[in-house]
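Position 1 is the first residue of the sequence; numbering continues from there. Predicted, not measured: the structure shown is a model, and the values here were computed from it.
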Amino acid sequence: MEDLDALACVLPNGQLFDSDFGFYLHVYNLFQNAGLVDRGVPFARLALSTAPAGWDNRDLWHAVIKGSIDLGDWDNAYSALMMTPYDRL
């Protein structure tokens, strides 16, 4: 408990994350809001890999596919497009 209090003091807004997914999603959003696509795409992928069952991942899949295209990373864009469980993004 003492460690959690210390960690809350150094995190922005004292925000603690209850899962890896929450952390990855938070970092992805930070990079996305800053316009750093090259930094955000890997965290979107990590968020997808740890997403809880039943979570609507459309935005993350879109971010990975479009971000990969924007970066000229055609192989990863195609791979993500083939792996997405959604027909339309």
Side-chain angles (χ1 to χ4, degrees):
M1 191 55 100
E2 193 174 302
D3 290 339
L4 291 177
D5 291 338
L7 187 58
C9 289
V10 297
L11 289 174
N13 301 326
Q15 184 176 4
L16 295 175
F17 303 100
D18 58 350
S19 67
D20 291 345
F21 173 72
F23 173 74
Y24 296 144
L25 191 59
H26 175 74
V27 174
Y28 160 71
N29 284 319
L30 288 175
F31 286 128
Q32 183 72 8
N33 292 336
L36 299 171
V37 176
D38 58 325
R39 303 290 197 268
V41 169
F43 282 97
R45 281 193 193 109
L46 287 168
L48 281 172
S49 71
T50 58
W55 185 270
D56 185 7
N57 295 322
R58 290 175 201 265
D59 290 340
L60 290 173
W61 280 107
H62 181 264
V64 169
I65 294 167
K66 183 169 181 339
S68 296
I69 290 170
D70 291 347
L71 295 171
D73 189 359
W74 309 116
D75 291 336
N76 281 327
Y78 179 75
S79 176
L81 185 62
M82 293 296 105
M83 289 177 17
T84 185
Y86 303 104
D87 291 334
R88 293 180 179 206
L89 294 176

Of all heavy-atom pairs between [X] and [Y], which one has the smallest distance, and what is that distance?
X	Y	result
Y86	N57	OH-N, 3.1 Å
G67	V37	CA-CG1, 3.6 Å
A63	Y28	CB-OH, 3.0 Å
R58	R88	NH1-O, 3.4 Å
F21	A51	CD1-CA, 3.5 Å

Enter the distance from [X]:[atom1] to [Y]:[atom2] here, rounded to the nearest 0.5 Å.
X	Y	atom1	atom2	answer
S68	D38	OG	CG	11.5 Å
L25	L46	CG	CG	11.5 Å
L81	H62	CG	NE2	11.0 Å
Y24	L48	OH	CG	12.5 Å
I69	W74	CD1	CH2	6.5 Å
T50	W55	OG1	CH2	10.5 Å

Note to self: Quick check on D59: does its CG atom have over 12 non-hydrogen neighbours (other residues, nucleotides or ligands) under 6.0 Å away?
What the structure shows: no
Next item on the list: Report the C-alpha separation of F43 and L30 in whole Å, then their side-chain angles, then the decisive distance to 0.1 Å, and conclude whether the side chain to side chain contact (heavy atoms under 4.5 Å, CB included) test is met.
Entry: CA-CA 10 Å; F43 282 97; L30 288 175; over 6 Å; no
Next item on the list: Spell out, yes or no, whether I65 and M83 are grouped together once hydrophobic residues are joined by side-chain heavy atoms under 4.5 Å, including indirect joins.
Entry: yes
Next item on the list: State plainly whether one hydrophobic cluster holds both V41 and Y78, where clusters connect Ile, Leu, Val, Met, Phe, Trp and Tyr through side-chain heavy atoms under 4.5 angstrom apart.
Entry: no
